[in-house]
Number of protein chains: 2
Amino acid sequence: MPVTKGSTLDPARTRATILEAATVLLYARGLDGVGVAELCSSVGVSKETLYRHFGTKDGLVREVLEARSERVSRWLADAASAAGDDPAAQLAAVFDALQQWYYEPVFRGCAMVNAAAQHHVEAVRSITGRHLDRHLELLTGIATRAGAADPDALGRQLLMLVEGATIVAEHRGAASTDGHARRAALTLLAAATTDVSADGRTTPP
Amino acid sequence: MPVTKGSTLDPARTRATILEAATVLLYARGLDGVGVAELCSSVGVSKETLYRHFGTKDGLVREVLEARSERVSRWLADAASAAGDDPAAQLAAVFDALQQWYYEPVFRGCAMVNAAAQHHVEAVRSITGRHLDRHLELLTGIATRAGAADPDALGRQLLMLVEGATIVAEHRGAASTDGHARRAALTLLAAATTDVSADGRTTPP
DNA sequence: CCAAGTACGAACCGATCGGTTCGATCTGGG
DNA sequence: CCCAGATCGAACCGATCGGTTCGTACTTGG
């Protein structure tokens, strides 16, 4: 049997195609901004096919968000690990990656946060919660490796900065956060790894 | 003529009543989560009356958001000025007020940010933009009075913290930001008012 | 080659929603 | 006391939307 089938009539491929197109459209125009009919005609798929694969529009939305959340988290984690072993460099890389995203013309804020604001269904909002948890995990990891006195506290501070930068960039433009978010993150990191008990000098190795 | 008429058949009073009820309902359930019919029956008003006062649902939404934005901005500014003349104390007061808000059971995030995520109409999104500008103005003012080297930069950093804390508190609970947002803000303030050119010692008056 | 499954496309359905209209009712100013 | 204007309540309208169904056609594994 063939390993992959690229032709039509391949359920998995059809499903993936719908998922991709829905990811783009729903992000650009909002969950309620695009109907199932338009979504189908945009992909070149019949309603029956879409409903056989995803059961309901909410089911499609959930899968789209789930996949996107994992993709975004992996993207940020990769950006961090690609920056080497220095936690400060990793943190800077995370905010550099975010800032680059903000400048993309299709940037419309965090899809999961936007979705939660639109869709008051718990099944959707829980995805947003897990999304933030993934971010928190990454940031707390960096804080821990940086030797922060309270890595959990620093992680939460950095999470607020990430989400806040995204919101501000969405509504006031990418230039509004350029440099500022990164600098704030490094400032918080430095402060959390500074021995405040004695004088005002840092305590690197 | 009487100065105020409290009875029925007072257009201004009717209008205000609709506005109040709409503010609560639209915030709690989302702009698209409550229809005009339910809104009317909830206030005890006919559709004709609502449409005579606000023209369209969007018109009502815009007025609701405009009023709420001003109310919120005034509330934060008052919290700051009530904290005395010390900029650091004012900043702490702002984040204390926010944190108190996060703990309120009706807290559902920033109404303006949520509205922008739901309603892709420019007339609504611009209100969110102005809302953030008002916050930025307050925070930049504190940064300036604190003698920050770059008050504009610090203001933007603090704005990200405010919006980020609101998002995180909305999705992960008020306890998730309690103390952390305030401490981060004060850390950024301290760092921005510290003379970094020489050694690592602060330079207060 | 054939049966099973995939897919199309179009029609269809019920519900909801924003907005309009209209006759009846009530209030207050002149 | 009476008319203008505010309000009600309910019916009504057109559009949209999520979801279902069906007849047809095509691909493919056995």
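Reminder, nothing fancy here: chain letters follow the sequence lines and each chain counts from 1. Bear in mind the structure is a predicted one, so any value in this text is a computation, not a measurement.
Between A:Thr49 and the phosphate of C:dC8, there is a side-chain N or O to OP1/OP2 separation shorter than 4.0 Å. OP1 or OP2 of D:dT7 lies within a sub-4.0 Å distance of a side-chain N or O belonging to B:Arg52. Not one side-chain nitrogen or oxygen of B:His53 sits closer than 4.0 Å to the OP1 or OP2 atom of D:dA6.
B:Arg130 and B:Ser69 form no side-chain donor-acceptor contact under 3.5 Å, judged by distance and modelled atom types alone.
Sorted by first then second residue, the salt bridge (charged side-chain N to carboxylate O under 4.0 Å, His left out) pairs that include residues 99-128 of chain A, not counting sequence neighbours, are A:Arg125-B:Glu170. Applying the salt bridge (charged side-chain N to carboxylate O under 4.0 Å, His left out) definition to pairs two or more places apart or across chains, those involving residues 145-159 of chain A are A:Asp152-A:Arg156.
Looking at residues two or more places apart in sequence or on another chain, you find a ring-ring contact (aromatic ring centres under 6.0 Å, His included) between B:Tyr102 and B:Phe107. Not counting sequence neighbours, the partners of A:Asp96 by the salt bridge (Lys or Arg N to Asp or Glu O under 4.0 Å) test are A:Arg182. Remark: B:His135 engages B:His131 in a ring-ring contact (aromatic ring centres under 6.0 Å, His included) (not counting sequence neighbours).
When distances are taken from the side chain of A:Val45 to each of C:dA7, D:dT7, C:dC8, the shortest belongs to C:dC8.
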**Asked** For every nucleotide of nucleotides 16-24 of chain D, 5' to 3': is a protein heavy atom under 4.0 Å from its base (B), only from its sugar-phosphate (S), or from neither (-)?
**Response** --BBB-BB-
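C:dG5 atom C1' lies 19 Å from atom CZ of A:Arg13, rounded to whole Å.
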